[in-house]
Amino acid sequence: QVQLVESGGGLVQAGGSLRLSCAASGRDFNMYHMGWFRQAPGKDREFVAAVNWNGGSTDYADSVKGRVTISRDNAWKTVALQMNSLKPEDTAVYYCAADWAGDGNHWYPALPREYDYWGQGTQVTVSS
């Protein structure tokens with residue numbers, strides 16, 4: 001089992017940057033694929049970015065590609081989401097999630113149902 005705590009959200013002007021962090025506790029962090037999702041008011045939760053268990057592969061939503069970078073540090077049990085050139089439409093609660101990779105199943109990074117654990121979320125607000 002793993003517990004996830006997000007931080008780094010806040011209010012930023014359009015064009016600005018934020019770095020979100022997700023700190024994990026528990027065992028076997030390096031056996032989880034990690035993802036970031038977001039949910040805006042009145043909308044479904046949507047995929048933002050993901051990184052596989054060893055950091056060797058990443059995936060990004062088209063809406064953030066080129067503006068966002070996901071990274072992980074297995075020694076420190078953290079996952080970061082660097083967001084640049086932020087837009088008002090990036091405003092949402094951002095969630096960190098963990099998908100157990102130990103079962104050897106194919107990795108579907110963009111599917112929320114694949115993830116086993118979720119953090120409480122951190123609010124990102126981008127003003128125009």
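Please read all numbers here as calculations on a predicted model, not as lab measurements.
- At least one donor-acceptor pair closer than 3.5 Å links the side chain of Y115 to the backbone N or O of P109.
- Note on residues 69-103: pairs passing ring-ring contact (aromatic ring centres under 6.0 Å, His included), not counting sequence neighbours, are Y32-W100.
- Side-chain contact between L20 and M83 is present, with heavy atoms from C-beta onward closer than 4.5 Å.
- Looking at heavy atoms from C-beta onward, L111 lies out of side-chain contact with F47 at the 4.5 angstrom threshold.
- Under 3.5 Å, the side chains of Q82 and T69 contain no donor-acceptor pair of N or O atoms.
- Put simply, the side chain of Q123 does not reach to within 4.5 Å of the side chain of L11, judged on heavy atoms.
- Rounded to the nearest 0.5 angstrom, W107 CH2 and W53 CH2 are separated by 12.0 Å.
- Pairs passing the disulfide (SG to SG under 2.5 Å) check and including a residue from residues 2-114, sequence neighbours excluded, read C22-C96.
- The side-chain heavy atoms of D99 and D116, taken from C-beta on, include a pair separated by under 4.5 Å.
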Task: Chi angles and distances behind the side-chain contact (heavy atoms from CB on, under 4.5 Å) call for H33, E114 - done: CA-CA 10 Å; H33 305 309; E114 294 291 306; over 6 Å; no
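- At least one cation-pi condition fails for R113 and Y108: the charged atom is not both under 6.0 angstrom from the six-membered ring centre and inside a 45 degree cone around its axis.
- Panel note: side chain E6, backbone Q120; a donor-acceptor pair is recorded below 3.5 Å.
- Between the CG atom in D59 and the CG atom in N52 there is a gap of 10.5 Å [rounded to 0.5 Å].
- The side chain to side chain contact (heavy atoms under 4.5 Å, CB included) test applied to E46 returns R38, not counting sequence neighbours.
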Open item on the list: Assess the residue pair D62 and K65 against the criterion (salt bridge (Lys or Arg N to Asp or Glu O under 4.0 Å)); give the C-alpha distance rounded to whole Å, side-chain angles, the decisive distance to 0.1 Å, and a yes or no.
Closed with: CA-CA 5 Å; D62 288 342; K65 203 168 291 184; 3.2 Å; yes
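- Not a single donor-acceptor pair under 3.5 Å links the side chain of N74 to the backbone N or O of K77.
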